[in-house]
Amino acid sequence: MALRRALHFVFKVGDRRKTAAFYRDVLGMKILRHEEFEEGCKATCNGPYDGKWSKTMVGFGPEDDHFVAELTYNYGVGEYRPGNDFLGFTVQSRQAVNNARRLGWPLTEAGDGIFITEAPGGYRFTLLDQDQPETDPVQKVTLAVSDLQRSTAYWSSLLGMQVFERDEGRRTVLLGFSDTQCKLELHDIGGPVDHGTAFGRIAFSCPREQLPGIEAQMKKESQKILTPLVSLDTPGKATVEVVILVDPDGHEICFVGDEAFRELSRMDPGANTLLDAVSAASRTPLIT
């Protein structure tokens, strides 16, 4: 389904300053936009928290054609317990590898030209020591599953993703909506998936007219819907409509109307300064 796009993965963060340093200084990403909210999201975008929170979008380029990270910060929450659900965010960038070495950011060599590092909070990143592609350097997001066959059927048959690769030895399947987009890799861990309290969410866009159909199909197939079709407001920006699903292993999936999302996700040239200002003012606690 080429009309659907992979958009971003949501990470809960406990220290905005240290996290921003990793994405900006190590990975080489840009702060694309920053938004502050006075109360919890109706679609639990910030997790099960009702208070003040913020959203920071970071990536290698505009959200129209790059897969990015959404950094969600809940005021007063300094850390989250990681589970075994999130297995990696793969970036092809020799510059990121060089940045990590220069800054003394921990790197573990995992193969020829493959390095493993962690973002604050314990989120795993795989860095490929190759020149950045002309398109998006973000190659894939890897999530744990307990039954690869069941999960592949869900993501391909119900959500319309194409299967690009199967690796029986590694017990993985690589899926996506287009060969030119960031892919989703499912990795069978042979046991239950634990989401901890740090659990994230992967987001995709589709034409707005498809949202009711996605919800109806999931109801018909007796699949879990976390949040039925709802409108979400962002102060001073476009209102978007979303449906939040949950896959067989509890991974949260957001589908958002593409037309309004493109308007909402326009780059803000002042986002970098705004993030630094609010982070300093709030005296974000360090993750321990």
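Everything quoted here is computed from the prediction, not taken from an experiment.
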Engineer: Take the angle between the ring planes of Phe11 and Tyr23 and call it parallel below 30°, perpendicular above 60°, tilted in between.
Structural biologist: tilted
Engineer: Is the closest side-chain heavy-atom distance between Val256 and Leu264 below 4.5 Å?
Structural biologist: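 No, side chains not in contact.
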Engineer: Salt bridge check: are Asp276 and Arg24 linked by an N-O gap of less than 4.0 Å?
Structural biologist: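 Counted as a salt bridge, because a side-chain N and a carboxylate O are separated by less than 4.0 Å.
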Engineer: Please examine the side chains of Leu107 and Leu127, heavy atoms only from C-beta on, and report whether any two atoms are closer than 4.5 Å.
Structural biologist: yes
Engineer: Output yes when a side-chain donor or acceptor of Glu215 lies under 3.5 Å from a complementary backbone atom of Pro228, and no otherwise.
Structural biologist: no
Engineer: Using a strict cut-off of less than 4.0 Å between a Lys/Arg side-chain nitrogen and an Asp/Glu carboxylate oxygen, indicate whether Arg16 and Glu36 qualify as a salt bridge.
Structural biologist: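 Yes.
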Engineer: Tell me whether the guanidinium CZ or amine NZ of Arg101 lies under 6.0 angstrom from the six-membered ring centre of Phe115 and within 45° of its axis.
Structural biologist: yes
Engineer: Can you find a pair of side-chain heavy atoms, one from Leu143 and one from Phe9, that are under 4.5 Å apart?
Structural biologist: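 Result yes, sub-4.5 Å side-chain heavy-atom pair found.
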Engineer: Nearest 0.5 Å please: distance from the CD atom of Gln95 over to the CG atom of Asp129.
Structural biologist: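 Between Gln95 CD and Asp129 CG, I get 10.5 Å after rounding to 0.5 Å.
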Engineer: Let me confirm one number: the CZ-CG distance from Phe164 to Asp179, rounded to the nearest 0.5 Å.
Structural biologist: 5.0 Å
Engineer: Under 4.5 Å between side-chain heavy atoms, hopping through other hydrophobics if needed: is there a path connecting Leu148 to Phe86?
Structural biologist: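 Same hydrophobic cluster.
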Engineer: How far apart are the C-alpha atoms of His34 and Thr56, what are their side-chain angles, what is the distance that settles it, and do they pass the side chain to side chain donor-acceptor pair (under 3.5 Å) test?
Structural biologist: CA-CA 4 Å; His34 178 82; Thr56 307; 2.7 Å; yes
Engineer: When you check the gap from the basic side-chain N to the acidic O, do Lys183 and Glu185 get nearer than 4.0 Å?
Structural biologist: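 No, Lys183 and Glu185 are not salt-bridged.
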Engineer: Does any N or O in the side chain of Arg33 come within less than 3.5 Å of the main-chain N or O of Lys55, such that one atom is a donor and the other an acceptor?
Structural biologist: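 Not at all, since once roles are kept as given, no pair shorter than 3.5 Å links the two residues.
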Engineer: What I'd like to find out is whether the side chain of Pro133 reaches to under 4.5 Å of the side chain of Gln139, using heavy atoms alone.
Structural biologist: yes
Engineer: Check Pro62 against Met267 and note the closest heavy-atom contact, atom names and distance.
Structural biologist: CG-SD, 3.8 Å
Engineer: Are the side chain of Lys30 and the backbone of Gly61 linked by a donor-acceptor contact shorter than 3.5 Å?
Structural biologist: no
Engineer: Would you indicate whether the side-chain heavy atoms of Leu7 and Glu63 approach each other to under 4.5 Å?
Structural biologist: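 No, side chains not in contact.
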Engineer: Does some side-chain heavy atom of Val242 sit less than 4.5 Å from a side-chain heavy atom of Leu232?
Structural biologist: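 Yes. Closest side-chain heavy atoms under 4.5 Å.
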Engineer: Would you check if Val138 and Met29 make a side-chain contact, meaning some heavy-atom pair closer than 4.5 Å?
Structural biologist: yes
Engineer: Relative to each other, are the rings of Phe177 and Phe255 parallel, tilted or perpendicular (30° and 60° limits)?
Structural biologist: perpendicular
Engineer: So do His8 and Leu32 actually touch side chain to side chain, heavy atoms under 4.5 Å?
Structural biologist: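 Side chain of Leu32 against side chain of His8, heavy atoms only: no contact under 4.5 Å found.
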Engineer: Supply the atom-to-atom distance Ser93 OG to Phe60 CZ, rounded to the nearest 0.5 angstrom.
Structural biologist: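 The distance works out to 5.0 Å.
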